[in-house]
Amino acid sequence: MSDSRRLLMIPGPVELSPAVLAACAVPPPGHLDARLVEAFGSALARMRQVWLAPASSQPFVVPGAGTLAMELAVANLVEPGDRVLLVNTGTFSERMALMLRRAGAAVREVTAPVGDAPEAEAVARALDELHGGGPVKALVATHVDTSTGVRIDPEPLARLAHEHGALSIFDGVCATAAERFAMADWQADVYLTASQKAIGLPPGLALVVAGERALSARAARRAGPPPAYLDWESWRPIMTAYEERRPAYFSTPATGLVLALDVGLDEILAGGMERRFADHERAAGALREAWRVLDLAPVPVRPRLEANTLSALRFPAGIGPALIGRIAERGVTVAGGLHPALHGGYFRVGHMGYVVQRADLLRRTVEAVAGALGDGGAAVDARAAVAALDRLGGA
Ligand code: PMP
């Protein structure tokens, strides 16, 4: 990207890498085109690698956004009367609760104050209790809640679900390909995301990987099939065909985006997933130091809850939402608050995908935030903030 252009630092959509941009810049192929068939098949195999998922899992690529990915999981796996445990950490967990209830589930929620997350022990207790009354169909959680910047640890939750014979479903929309998630090792059943976050593409693709147990649960469904567009069984033969390098049709794929997906996943995998997670951790750690120097307190109440994909930052005393406009005047777009309980008292900076390897872009972001704070009357040391960022290797 050219340095004169506005820098997009919201928690999705995100800045694209030059290779992904180039892949997006070609005329979209037909869905039977050999190039598309190859890219589609290759992207599906790469999804398993990025998700650290078992060979037996099924990746789905469906035109739509993250909410569709959530709906795909719910519509296929949840039937009226199912007992579901929801770990609720914010706005996107609330959306999941709504979907689960509309699907007819009896939803038990485990919550925590805003900015916090329930401990695994509390989830275990709730699961035991719920399980006492009959089988639990699923445990559902949001890996990173984008409204608060709170990240949960999915590993103990996936294991707990497995021990109780329940499926585990994780919304990874603000996490997948940036925060550590090992679908096979943890025996997680569904991990879902959308293209416009840490995957590093434009919006437009719902991306879901379902494990064997989840696929069996769909096959064993008693309540009749889900709506045709949402039904995994509509899409599964298509995904299988493309992976075997045969064209197939159920509903038109987003062909241009699928080309870009293959390129984007290839970039993600280039250094290995451990490196990918570490890159996000390092950039987030460096930014955290800069925010500390600028007196910007995080919404998450404990360091281990702070996501590596975004910073949710409280406005300092005397500074309000006008700060966001001032940051924009300095060429950087950040996002406002989203969680209603925080009454607009914070803002959010996304840092996922391409930008985490661009120290210059992270620096531009810190400079814009520091400058805008200064414009608003705060006594800030912009140079010290940038130095803190650089010291921790924001690149
Ligand atoms: N879940 C999470 C954690 C999200 O951050 C978002 C989008 N911000 C969604 C779900 C919904 O995704 P979309 O806006 O792409 O429908």
Side-chain angles (χ1 to χ4, degrees), residues 8-16 51 60-75 78 86-103 109 111-112 114-115 117 138-154 157 168-181 188 190-209 229-230 254 257 260-261 264 280 284 299-300 305-312 333-340 342 346-353:
L8 186 60
M9 296 297 284
I10 64 174
V14 300
E15 289 291 339
L16 308 185
W51 268 241
F60 294 96
V61 176
V62 179
T67 305
L68 176 69
M70 296 164 75
E71 201 76 273
L72 284 163
V74 173
V78 179
L86 175 71
V87 180
N88 188 331
T89 47
T91 303
F92 291 99
S93 307
E94 293 288 340
R95 177 170 298 184
M96 191 56 105
L98 176 78
M99 288 178 171
L100 291 166
R101 293 202 165 99
R102 285 198 185 174
E109 296 187 38
T111 57
V114 179
L139 184 157
V140 184
T142 313
H143 192 174
V144 169
D145 195 287
T146 325
S147 68
T148 54
V150 165
R151 180 189 59 209
I152 58 145
D153 179 3
L157 304 189
S168 60
I169 302 171
F170 295 96
D171 171 352
V173 173
C174 199
T176 309
E179 303 280 9
R180 184 177 313 282
F181 194 95
V190 178
Y191 194 41
L192 61 92
T193 190
S195 51
Q196 78 276 15
K197 306 251 184 183
I199 297 289
L201 257 63
L205 296 178
L207 304 169
V208 180
V209 176
Y229 191 79
L230 301 179
L257 285 174
L261 179 64
H280 282 79
V299 170
L305 297 173
E306 289 177 51
N308 288 330
T309 49
L310 82 155
S311 301
T333 304
V334 299
L338 198 59
H339 200 295
L342 294 169
Y346 71 116
F347 67 108
R348 297 172 303 146
V349 181
H351 31 89
M352 52 190 127

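We count ligands from 1, going down the list as the structure has it; atoms in each ligand are counted the same way. One-based numbering along the sequence shown. Predicted model, so just to flag it, every value in this text is computed and none were measured.
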If we number the atoms of ligand 1 from 1 as shown, the ones under 4.0 Å from a heavy atom of T142 are 3 (C)
d(L72 CG, T67 OG1) to nearest 0.5 Å is 11.0 Å
Q. Under the side chain to side chain donor-acceptor pair (under 3.5 Å) criterion, do T176 and H143 qualify, and how do the steps go?
A. CA-CA 9 Å; T176 309; H143 192 174; 5.9 Å; no
Item to complete: Please work out which of the three classes, parallel, tilted or perpendicular, describes the rings of F181 and F170, given edges at 30° and 60°.
Response: perpendicular
Open item on the list: Check for me whether D145 has a heavy atom closer than 4.0 Å to any atom of ligand 1.
Closed with: no
Counting from 1 in the order shown, the ligand 1 atoms closer than 4.0 Å to a non-hydrogen atom of M70 are 10 (C)
A student checking ligand 1 against T146 at a 4.0 Å heavy-atom cut-off should list atoms 2 (C), 3 (C), 4 (C), 5 (O)
- Task: Let me see the working for E179 and K197 under salt bridge (charged side-chain N to carboxylate O under 4.0 Å, His left out), right down to the final yes or no.
- Result: CA-CA 12 Å; E179 303 280 9; K197 306 251 184 183; over 6 Å; no
Per-atom filter on ligand 1: closer than 4.0 angstrom to a heavy atom of V144 are 3 (C)
Rounded to the nearest 0.5 angstrom, the CG-OH distance for L207 and Y191 is 11.5 Å
Practice task
Would you please determine whether H143 falls within less than 4.0 Å of ligand 1 on a heavy-atom basis?
Solution key: no
d(M352 CE, I199 CD1) to nearest 0.5 Å is 11.0 Å
- Task: Give yes if a backbone or side-chain nitrogen or oxygen of R95 is under 3.5 Å from a nitrogen or oxygen of ligand 1, and no if not.
- Result: no
Query raised in the report: Any heavy atom of M96 sitting closer than 4.0 Å to ligand 1?
Result: no
Ranked by distance from atom 7 (C) of ligand 1, the top protein heavy atom is K197 NZ, 3.4 Å
Quick note on ligand 1: atoms under 4.0 Å from a heavy atom of G66 include exactly 12 (O), 13 (P), 15 (O), 16 (O)
Q. Going by heavy atoms in the side chains, are L157 and S168 under 4.5 Å from each other?
A. no
Under 4.0 Å from one or more heavy atoms of D171, ligand 1 contributes atoms 1 (N), 2 (C), 3 (C), 10 (C)
Looking only at protein heavy atoms, what sits closest to atom 6 (C) of ligand 1 is F92 CE2, 3.3 Å
Rounded to the nearest 0.5 Å, the CE atom of M99 sits from the CD atom of E94 at a distance of 13.0 Å
- Message: I want to check something: taking the side chain as every heavy atom from C-beta on, are T142 and M96 in contact at a cut-off of under 4.5 Å?
- Response: no
Counting from 1 in the order shown, the ligand 1 atoms closer than 4.0 Å to a non-hydrogen atom of T67 are 11 (C), 12 (O), 13 (P), 16 (O)
